[in-house]
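My structure is below; once you've seen it, I'll send some questions.
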Amino acid sequence: MWDQNYKYNLKIRTALEHIYQNYSGDKTTANWKNFEIYLKRVWFSNGVHHHYSSEKIKPDFSKNYFEVVMKATNTELATGIIAVIFNDADSKKVNLDESKGLLEGSAINFYDEGISVKEAEDFYATKRSPYPTKPYSHGLNSKLVRNLKGELEEKVWKRGGIYSDAIEKIIFWLKKGKNLAENEKQAKSLGLLIKYYKTESLETWDDYNIAWLSATEGNIDYINGFIEVYNDPLGYRGSFEGIVQNKDFDMSKKMEKVSKNAQ
């Protein structure tokens with residue numbers, strides 16, 4: 001999700017964490033305290049843009065101070081990326097003001113630079129699901145790029161595609177989970193999720209979601225995949241989520257009483 005949120009997020013995060021772990025200078029100054037606050041805000045938002053407002057988070061220390069602590073810790077970060085931390089470029093993660101351009105004004109890392117809204121919409125206008133009554137969520141698990149021929153194509157997030165190394169680890173742990181599933185329906189849904197990560201098939205994604213919705217028994221639930229599309233100004237691409245929930249038995253009993261007596 002860090003990379004999805006902004007193309008420089010991971011490099012900035014690596015630099016900030018390297019400074020935080022290795023700086024041995026004066027940590028009582030206002031500059032250092034502001035550096036810590038900035039790092040925590042970036043951690044909290046999964047990137048340099050606020051997770052609700054989409055505005056770029058500006059540090060309360062100077063570019064000069066940042067370069068000083070970088071030098072003191074032998075931290076490397078490209079000059080252009082350092083500038084982005086402090087300037088007004090890429091100021092909005094998700095821009096919904098059409099006058100500024102939905103894609104041109106958004107820093108989200110879902111589209112190659114230079115791709116217009118019309119090009120993206122024309123690309124997906126040609127996509128058809130094989131079953132008329134079962135439309136697929138085209139673009140949900142991919143980045144739209146321009147290839148060497150100047151044509152638009154999707155780079156898919158799957159094993160063997162974008163994020164392959166991370167997805168291999170997801171598959172590894174989902175297999176462990178499937179072997180420990182609470183019931184057959186839960187195991188079936190996990191199996192389909194594994195298949196989806198291996199194949200990038202949107203048909204499998206639909207089958208998985210139906211199976212997941214049917215697996216209502218048991219005390220463990222989870223959300224895993226490229227799901228909610230509000231970080232894409234065009235509403236195609238899903239941001240990654242990985243959440244596991246365990247049932248709270250005590251609170252469930254209390255809420256059941258509230259529910260029965262709500263009227």
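Worth knowing before you read on, the calculation uses all heavy atoms, side chains too, and leaves out hydrogens, waters and symmetry mates. Fair warning: this is a prediction, and the values are worked out from it, not measured in the lab.
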Quiz item: Does K56 use its side chain to pair, donor to acceptor, with the backbone of A89 at less than 3.5 Å?
Solution: yes
Practice problem: Carefully, step by step, assess H18 and T75 under the rule side chain to side chain donor-acceptor pair (under 3.5 Å). | Solution: CA-CA 7 Å; H18 187 266; T75 301; 2.9 Å; yes
Quiz item: What do the steps show when you test H138 against Y236 for ring pair (Phe, Tyr, Trp, His ring centres under 6.0 Å), and what is the final call?
Solution: CA-CA 7 Å; H138 290 294; Y236 290 109; 9.1 Å; no
Self-check item: W205 side chain vs L192 backbone, donor-acceptor pair below 3.5 Å
Solution: no
Quiz item: Quick one: does S106's side chain have a donor or acceptor within less than 3.5 Å of a partner on I108's backbone?
Solution: no
Practice problem: Please report the closest heavy-atom contact between E98 and L102, naming both atoms and the distance. | Solution: CG-CD2, 3.9 Å
Practice problem: Could you check T204, N224, N141 and say which one makes a side-chain hydrogen bond (donor to acceptor under 3.5 Å, both in side chains) with Y197? | Solution: N224
Quiz prompt | Aromatic ring proximity Y208/Y196, centre distance under 6.0 Å | solution = no
Quiz item: Minimum heavy-atom separation for Y124 to G139, with atom names?
Solution: OH-CA, 3.5 Å
Practice problem: Inspect the surroundings of CH2 in W173 and state if more than 12 heavy atoms from other residues, nucleotides or ligands are less than 6.0 Å away. | Solution: no
Quiz item: What residues, two or more places apart in sequence or in another chain, satisfy ring-ring contact (aromatic ring centres under 6.0 Å, His included) together with Y136?
Solution: none
Quiz item: Does a side chain donor of either D60 or Y38 reach within less than 3.5 Å of an acceptor in the other side chain?
Solution: no
Exercise. List in chain and number order the residues that pass ring-ring contact (aromatic ring centres under 6.0 Å, His included) with Y23, two or more places apart in sequence or in another chain; answer none if no residue qualifies.
Key: W32
Practice problem: Flag yes if more than 12 heavy atoms outside M255 fall under 6.0 Å of its CE atom; otherwise flag no. | Solution: no
Practice problem: With side chain to side chain donor-acceptor pair (under 3.5 Å) as the test, would you mind laying out the steps for S239 and N231 before giving the verdict? | Solution: CA-CA 7 Å; S239 294; N231 276 332; 3.0 Å; yes
Practice problem: Check F35 against I19 and note the closest heavy-atom contact, atom names and distance. | Solution: CZ-CG2, 3.6 Å
Quiz prompt | With sequence neighbours excluded, residues passing side-chain hydrogen bond (donor to acceptor under 3.5 Å, both in side chains) with K158 | solution = none
Quiz item: Excluding sequence neighbours, so at least two apart, what forms side-chain contact (heavy atoms from CB on, under 4.5 Å) with N179?
Solution: none
Exercise. Mind jotting down which residue pairs meet the salt bridge (charged side-chain N to carboxylate O under 4.0 Å, His left out) criterion with at least one end in residues 173-194? Sequence neighbours excluded, please.
Key: none
Quiz item: NZ of K155: more than 12 outside heavy atoms within 6.0 angstrom?
Solution: no
Quiz prompt | Atom of L174, atom of L190 and distance for their closest heavy-atom approach | solution = CD2-CD2, 3.9 Å
Quiz item: Among all residues two or more places apart in sequence or in another chain, which pass the side-chain contact (heavy atoms from CB on, under 4.5 Å) test with K254?
Solution: D250, M251
Practice problem: Count the heavy atoms belonging to other residues, nucleotides or ligands that lie under 6.0 Å from CD of E217, then report whether that count exceeds 12. | Solution: no
Quiz item: For the residue pair F226 and Y163, does the interplanar ring angle fall in the parallel (under 30°), tilted (30 to 60°) or perpendicular (over 60°) class?
Solution: parallel
Quiz item: Does the distance from a Lys or Arg side-chain N to an Asp or Glu carboxylate O, for E17 and R13, drop under 4.0 Å?
Solution: yes
Quiz prompt | Distance-only polar pair, side chains of S99 and D97, donor-acceptor under 3.5 Å | solution = yes
Quiz item: Salt-bridged, K260 to E256, with N to O below 4.0 Å?
Solution: yes
Self-check item: H50 side chain to S45 side chain, donor-acceptor N/O pair below 3.5 angstrom
Solution: no
Quiz item: Cationic tip of R237 within the cone over Y111's six-membered ring, i.e. under 6.0 Å and within 45° of the normal?
Solution: yes
Self-check item: Nearest atoms (heavy-atom pairs only) where I167 meets I162
Solution: CD1-O, 3.8 Å
Quiz item: Under the criterion salt bridge (charged side-chain N to carboxylate O under 4.0 Å, His left out), which of E119, E151, E153 is the partner of R146?
Solution: E119
Quiz item: Are the aromatic rings of F44 and H51 close, with centres under 6.0 Å apart?
Solution: yes
Quiz item: Okay, side chain of N109, backbone of D3: is any donor-acceptor separation there less than 3.5 Å?
Solution: yes
Exercise. Please say whether more than 12 non-hydrogen atoms of neighbouring residues, nucleotides or ligands are located less than 6.0 Å from NZ in K100.
Key: no
Exercise. Could you tell me whether K134 and D207 have a side-chain N and a carboxylate O separated by less than 4.0 Å?
Key: yes
Practice problem: Could you give me the CA-CA distance, side-chain angles and deciding distance for K71 and E67, then say whether salt bridge (Lys or Arg N to Asp or Glu O under 4.0 Å) is met? | Solution: CA-CA 6 Å; K71 185 177 180 180; E67 290 172 339; over 6 Å; no
Quiz item: Could K58 and D88 be called an ion pair, given the rule that one side-chain N must be under 4.0 Å from one carboxylate O?
Solution: yes
Quiz prompt | Residues N64, S62; criterion side chain to side chain donor-acceptor pair (under 3.5 Å); working and verdict | solution = CA-CA 5 Å; N64 180 64; S62 68; 4.8 Å; no
